[in-house]
Number of protein chains: 2
Amino acid sequence: MSVAIENFVKAIYNNDKHDIKDTKPGNIAKQLGISSPAATDMAKKLAAKDLLHYEKYQALQLTEKGKKMALNVVRKHRLWESLLFKMFDLSLHDIHREAELLEHQTSDLLAEKISEYLGHPKFDPHGDPIPNADGKITTTDTSITLADAEEGKTYTIARLMSDDKEFFDFCAQNGIKYRNTLTVSKQFSGNKMTQIAIGSNTIVLNENFTKIIYVDEN
Amino acid sequence: MSVAIENFVKAIYNNDKHDIKDTKPGNIAKQLGISSPAATDMAKKLAAKDLLHYEKYQALQLTEKGKKMALNVVRKHRLWESLLFKMFDLSLHDIHREAELLEHQTSDLLAEKISEYLGHPKFDPHGDPIPNADGKITTTDTSITLADAEEGKTYTIARLMSDDKEFFDFCAQNGIKYRNTLTVSKQFSGNKMTQIAIGSNTIVLNENFTKIIYVDEN
DNA sequence: ATTAATTTTTAAGCTTACTTAAATATTTTA
DNA sequence: TAAAATATTTAAGTAAGCTTAAAAATTAAT
């Protein structure tokens, strides 16, 4: 299967998973940086391969086969991120970018070797869970976004859901990092802004950030 | 530049380097597993990009730009081989296969990080020299093939010039490994067969093997 | 030195993964 | 609920990287 197909299936999986918007060709196209017609074409092609269900004007839905493919790619991505993060002094954003390419050129054998080497980690450096070789995610996710966090409570950062460089740079500068602890000092105006205390810093985060930082209550 | 282009340029570089046959489209095509017309087409295309010189019916020759590209890919290949070999229990053949894919999806930055991590190694696990970031090979190669080795003398294995699984399996079984020591006990019939003593084994190698095992005199 | 064998090139055509423009369907909003 | 806005699909076309078949040139052999 081609890189284009793997990326398409992965995009549906990610979109679907986090339910940000409905999973129609146009949305997937935007995520992949291709045109809508290209996405519609691809959707039809993948339906013929039994990777997804396609009906005109309806949301795309992965079949079991499609989900398995997506999880296999996601596994490789997160294993690469884990390995590169451990070995090299590279930013989370750089690591993400490298993993985005390597994930498609990695045999199941190599993925297993990487997993073994790392002691079969359950989470990657962003806090995202790593599926096992069978495509199963064995950890249950109880995290919520910072926007939904409560004033006064203390949380552990569970995930940084982004691939934007500026976001990661900001996080790095402010100690916002997987497994770090923070306290919500104040929620403003319908929780569109959140003030947190983290380490020795106090920061106010806007909606863009409070919706992609996931936390677990301590 | 695409994977197809990188592989084409690399194939010319390798062919040219070791001078096995003349570097015409048909030869390159065979190495890449594509048809001769495809190779001719590609050659014309790459000539237009100033990566090689093309003249009808003549051997292909890389330009400086082409050579630089080839060396950059070769560098990444050999760095990956070095890293995978060090980290994982994988055969030389498996490592070669993985590196063949990863080499095209590796930024210069990541290559540099790998090189740094390994202490800027000068040779990969096959004994092939690793070009530096500028595409320079700083080590001089004094090795000869086993076919050219002399009876009674002792040598160190310098390179295993192959990507054939059976060859590597045979080597692994018989202690034929980069930097190991062997003694040429006998040369037969115009050096088409060579008997060597290596470790506790005595082995007779035929022409196929004596021409791809490179050694340095001790 | 011709002829035969081999290689290279030309030509035509295919698949994948895109594009833009226009038509059609769906959603939103007034 | 009808018009306006938006999204999806159809249609036509492109570039990359291949293919096979046939023509042309080179190389090898008698």
Side-chain angles (χ1 to χ4, degrees), chain A residues 1-16 19-62 65-66 69-70 73 100-101 103-105, chain B residues 1-16 19-62 65-66 69-70 73 100-101 103-105:
Chain A
M1 294 289 171
S2 70
V3 172
I5 291 178
E6 289 188 350
N7 277 332
F8 199 87
V9 161
K10 194 181 71 164
I12 295 174
Y13 175 81
N14 284 329
N15 205 98
D16 214 61
D19 221 346
I20 295 168
K21 290 179 192 168
D22 47 353
T23 313
K24 287 181 182 172
N27 248 315
I28 302 303
K30 246 176 232 161
Q31 284 180 52
L32 295 174
I34 61 176
S35 66
S36 286
T40 300
D41 269 15
M42 184 58 100
K44 285 177 181 170
K45 202 174 109 188
L46 298 197
K49 286 187 195 291
D50 191 34
L51 289 166
L52 53 80
H53 299 297
Y54 173 73
E55 272 190 273
K56 273 191 184 183
Y57 302 103
Q58 302 303 306
L60 305 173
Q61 280 196 300
L62 293 178
K65 190 175 160 194
M69 178 185 281
V73 178
E100 205 71 19
L101 299 175
E103 66 187 14
H104 305 292
Q105 310 298 157
Chain B
M1 294 291 173
S2 69
V3 172
I5 292 177
E6 289 188 350
N7 278 332
F8 198 87
V9 161
K10 195 181 70 163
I12 294 173
Y13 175 81
N14 284 329
N15 205 97
D16 215 60
D19 222 345
I20 295 168
K21 289 178 193 169
D22 47 352
T23 312
K24 288 182 181 170
N27 249 315
I28 302 302
K30 245 176 233 161
Q31 283 180 53
L32 295 175
I34 62 177
S35 67
S36 287
T40 300
D41 269 15
M42 184 59 98
K44 286 178 182 170
K45 200 173 111 188
L46 297 197
K49 285 186 196 290
D50 191 34
L51 289 166
L52 53 80
H53 299 298
Y54 173 73
E55 273 191 272
K56 274 191 186 185
Y57 303 104
Q58 302 303 304
L60 305 173
Q61 280 196 301
L62 293 179
K65 191 174 158 194
M69 178 184 283
V73 178
E100 204 71 21
L101 298 176
E103 65 187 13
H104 305 292
Q105 310 297 156

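Reminder, nothing fancy here: chain letters follow the sequence lines and each chain counts from 1.
The side chain to side chain donor-acceptor pair (under 3.5 Å) test applied to A:E6 returns A:H104, not counting sequence neighbours. In this view, A:S36 and A:A29 satisfy the side-chain contact (heavy atoms from CB on, under 4.5 Å) rule, not counting sequence neighbours. Applying the side-chain contact (heavy atoms from CB on, under 4.5 Å) rule to B:Q105 yields the partners A:L101, A:L102, A:Q105, B:V3; only residues at least two apart in sequence or on another chain are considered. For the side-chain contact (heavy atoms from CB on, under 4.5 Å) test, no residue two or more places apart in sequence or in another chain qualifies with A:D41. Partners of A:Q58 under the side-chain contact (heavy atoms from CB on, under 4.5 Å) rule, at least two apart in sequence or in another chain, are A:E55.
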A correct 5'-to-3' footprint of nucleotides 8-16 of chain C, with B, S and - meaning base, sugar-phosphate only and no protein heavy atom under 4.0 Å, is SBBB----S

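For the pair A:I34 CD1 and C:dT20 P, the computed distance is 12 Å after rounding to whole Å. In this structure, B:F8 atom CZ and D:dA16 atom P are separated by 15 Å, rounded to whole Å.
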